[in-house]
Amino acid sequence: MKALISAAVLGIGALAACFSDREPSTATGGVCNIDLGEAFPGSTVVVIRGFVYDPGEVRVRVGDRVTWLNCDQDPHTSTADGGQWASLLLAAGDGFTQTFTAAGDFPYHCDPHPFMVARVIVE
Ligand SMILES: [Cu+2]
């Protein structure tokens, strides 16, 4: 399953390369002009766009996956405040997937931009 997700992320990277480098990310274009449900089947997707996690709060069940997709040109991370997970720096068009194996309320932030905050609630 992990290999499948990596392949999907690589696919998006290749797709992103087709777009102009300096094209700003917008709702109708940019690096995330894809069908997220198709690209990440079975994952709840959080889009990072305009230095905001969207949606800012997601509710999932134990065992579910959450995928963050960076639709900005600037790099971002998904970093749990409590250290439960930490993505690498995500370049434009890159994604990161985390499986949640325990219930809880997990606030997280972006390492280079600490003002970017959101949360995952696992029920
Ligand atoms: Cu950031």
Side-chain angles (χ1 to χ4, degrees):
M1 198 51 99
K2 205 163 206 169
L4 189 71
I5 293 165
S6 297
V9 170
L10 282 177
I12 286 167
L15 193 68
C18 299
F19 290 92
S20 162
D21 271 345
R22 291 294 141 209
E23 199 67 37
S25 299
T26 68
T28 55
V31 295
C32 289
N33 188 17
I34 55 170
D35 185 329
L36 295 174
E38 205 169 273
F40 303 102
S43 228
T44 296
V45 177
V46 176
V47 168
I48 307 171
R49 200 194 306 272
F51 292 77
V52 170
Y53 297 102
D54 182 23
E57 179 180 302
V58 291
R59 285 177 183 270
V60 299
R61 293 176 183 276
V62 172
D64 283 357
R65 290 174 301 176
V66 175
T67 296
W68 286 265
L69 182 64
N70 182 15
C71 299
D72 276 342
Q73 293 297 339
D74 296 273
H76 298 291
T77 71
S78 168
T79 308
D81 293 2
Q84 292 89 352
W85 75 88
S87 75
L88 297 175
L89 207 53
L90 302 173
D94 279 355
F96 168 75
T97 297
Q98 174 73 22
T99 301
F100 287 87
T101 56
D105 183 353
F106 301 102
Y108 64 92
H109 63 277
C110 176
D111 246 3
H113 314 109
F115 60 89
M116 292 174 61
V117 295
R119 70 201 316 120
V120 176
I121 296 170
V122 185
E123 297 168 318

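Numbering starts at 1 and runs along the sequence shown. For ligands, and for the atoms within them, numbers begin at 1 and follow the listed sequence. Nothing here was measured: the structure is a model prediction, and the numbers come from that model. All values below come from the heavy atoms of this structure, side chains included, with hydrogens, waters and symmetry mates left out.
Checked against the Cu ion (ligand 1), the N, O or S atom of His113 at the shortest distance is ND1. Here the N, O or S atom of His76 that is nearest to the Cu ion (ligand 1) is ND1.
Ring-plane geometry between Tyr53 and Tyr108 is classed as perpendicular, the angle between the planes exceeding 60 degrees on a 0 to 90 degree scale with a lower cut at 30.
Angle SG(Cys110) to the Cu ion (ligand 1) to SD(Met116): 110° [nearest 10 degrees].
When side chains are defined from C-beta on, Ser43 does not count as touching Val66, because their heavy atoms never get closer than 4.5 Å.
Salt-bridge check for Asp105 with Arg119: passed, with a basic side-chain N closer than 4.0 Å to an acidic carboxylate O.
Donor-acceptor pairing under 3.5 Å is lacking for the side chains of Trp68 and Ser87.
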